[in-house]
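Note on naming: letters A, B, ... go to the chains in the order of the sequence lines (proteins, then strands), and numbering restarts at 1 for each one.
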2 protein chains.
Amino acid sequence: MTVPPPSTRRVGTETSKTRGALLDSTEQLMLEEGYAGVTYRRVAAKAGVTAGLVQYYFPTLDDLFIALLERRSHSNLDKFARVLEANDGRPLRAIWEYSRDETTAALMVEFMALGNHRKAIRAEIAAVGERSHKAQLEAIEKMAGRFKVDGMVVPPSAVLFLLQSIPKIMLMEGELGRTSGHKETLALVDDFLARIEPQTRKPLARRRTSA
Amino acid sequence: MTVPPPSTRRVGTETSKTRGALLDSTEQLMLEEGYAGVTYRRVAAKAGVTAGLVQYYFPTLDDLFIALLERRSHSNLDKFARVLEANDGRPLRAIWEYSRDETTAALMVEFMALGNHRKAIRAEIAAVGERSHKAQLEAIEKMAGRFKVDGMVVPPSAVLFLLQSIPKIMLMEGELGRTSGHKETLALVDDFLARIEPQTRKPLARRRTSA
DNA sequence: GTCTATACGGCGATAGAC
DNA sequence: GTCTATCGCCGTATAGAC
């Protein structure tokens with residue numbers, strides 16, 4: 001059988017120190033100039049190596065992006081676990097705080113934009129999003145099945161969607177110079193969170209109308 | 001004085017039939033393959049002309065994108081005016097319906113992603129967004145200054161932000177294969193709209209729990 | 001005013017030398 | 001593990017034909 005040669009291309013080891021440094025350079029480039037600023041030649045220049053070496057570790061640019069996303073995903077899950085612990089009993093507040101982290105959000109927004117046009121990366125983005133979503137939904141469902149606001153039933157999945165999405169879209173708009181309604185929406189979410197996850201132990205405690 | 005020759009480059013007229021056809025091809029390419037799929041050579045191939053001719057009308061790719069965005073912006077404003085008229089007395093419902101238009105949203109999402117990495121286009125995106133935002137805020141403020149839900153003040157700008165943003169982020173996530181919480185959030189918004197903009201003339205009328 | 005031909009450097013990617 | 005040579009596609013610029 002004339003099997004199509006299963007790619008004899010050599011690839012660097014995953015534990016290589018160089019490899020990690022290349023991922024660092026890539027992440028930096030991505031935050032500074034967006035994913036379009038990530039080229040073999042520029043990653044190489046930033047890390048002080050040749051472009052060919054970058055290609056040795058990451059045969060295609062998709063390989064590079066996927067490796068970076070994978071690394072970030074794990075540190076993100078760790079970070080969320082820490083924020084959750086710091087906000088014991090208030091998972092929504094934890095999700096909100098975590099989602100508002102600028103660096104993390106900026107990178108994920110970059111990856112979302114990237115995934116929109118790179119089929120190979122889409123699956124990885126989806127997997128990372130699924131992991132994150134699962135962790136956060138678990139945190140929510142531990143506390144209550146459903147919230148109600150003025151008689152309207154608010155399912156946890158909708159709350160999670162909004163808490164995750166609002167900071168992302170604000171970040172995108174902000175990068176374009178548009179901030180209309182941002183301040184007001186942030187305040188609204190804060191009010192909402194204070195209402196269903198009051199600081200004190202008393203459920204539905206009334207907050208002073210501060211600020 | 002050795003003035004740098006002020007660019008003697010010739011450009012096609014704005015009323016050219018060819019020019020319009022090139023914009024059509026560009027818009028199609030953008031919807032099919034994203035902005036990254038837009039190249040001189042591919043636009044030319046789609047329109048059945050040479051790449052050089054595309055450059056004659058649009059000296060740089062930014063010129064091409066900006067011209068397309070400008071054209072879309074005007075037809076979008078027209079469309080919103082029509083939807084507003086069809087939903088007389090319910091501007092929020094009109095904004096929601098308009099924002100959920102798939103083609104329009106997909107193009108604007110594409111442009112937002114594009115603007116993130118192309119400085120020259122950012123200003124144009126901001127201007128277009130500003131025009132759209134102004135028209136929609138005007139429509140809202142004609143009806144009421146502020147809404148209240150369960151005692152929480154909901155400023156019009158926050159409502160507008162959410163009504164505009166939610167369909168966009170759902171579109172982005174949907175393209176990545178993620179739809180968690182979408183259905184529930186859409187239902188939530190519908191409930192909210194039904195509450196503050198009831199179908200009948202009676203304020204705060206209760207809707208039947210259909211579907 | 002419309003359109004074509006050609007050239008240049010940067011890019012992702014491949015194959016193979018040290 | 002590291003690096004060079006090479007290929008084809010890209011945006012862009014320019015000179016010139018109809």
What's the [atom1]-[atom2] distance between [X] and [N], to the nearest Å?
X       : N      : atom1 : atom2 : answer
B:Glu33 : D:dC10 : CD    : P     : 11 Å
B:Leu64 : D:dC10 : CG    : C1'   : 15 Å
B:Asp62 : D:dT12 : CG    : P     : 7 Å
B:Leu22 : C:dT2  : CG    : P     : 12 Å

Over all strands shown, is B:Val38 touching base, sugar-phosphate only, or nothing at heavy-atom distances under 4.0 angstrom? sugar-phosphate
Looking for any heavy atom pair under 4.0 Å, which part of the strands does A:Val11 touch: base, sugar-phosphate only, or nothing?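 Nothing, no nucleic acid heavy atom in range.
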Under the 3.5 angstrom rule, does the side chain of B:Glu97 hit a backbone N or O of B:Val83 as a donor-acceptor pair? no
Please list every donor-acceptor pair under 3.5 Å in which a side-chain atom of residues 156-175 of chain B meets a protein atom from a residue at least two apart or in another chain.
from     : atom 1 : to       : atom 2 : distance (Å)
B:Ser157 : OG     : A:Glu184 : OE2    : 3.4
B:Ser165 : OG     : B:Phe161 : O      : 2.6
B:Glu173 : OE1    : B:His182 : NE2    : 3.0

Look at A:Tyr40 and C:dA13 and indicate whether a side-chain polar atom (N or O) is within less than 4.0 Å of OP1 or OP2. yes
May I ask you to test the A:Glu27-A:Arg71 pair for a side-chain heavy-atom distance under 4.5 Å? yes
Is there side-chain contact between B:Arg118 and B:Phe111, with at least one heavy-atom pair below 4.5 Å?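 They are not in contact (no side-chain heavy atoms under 4.5 Å apart), so the answer is no.
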Indicate yes or no: does B:Asp24 engage B:Lys46 in a salt bridge with an N to O separation below 4.0 Å. no
Under 3.5 Å, which N/O atoms of the protein pair with N/O atoms of nucleotides 3-7 of chain C?
from  : atom 1 : to      : atom 2 : distance (Å)
C:dC3 : OP2    : B:Tyr57 : OH     : 3.2
C:dT4 : OP2    : B:Thr50 : OG1    : 2.4

Is it the case that atom CD in A:Glu85 sees more than 12 heavy atoms from other parts of the structure closer than 6.0 Å?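 Count not over threshold, so no.
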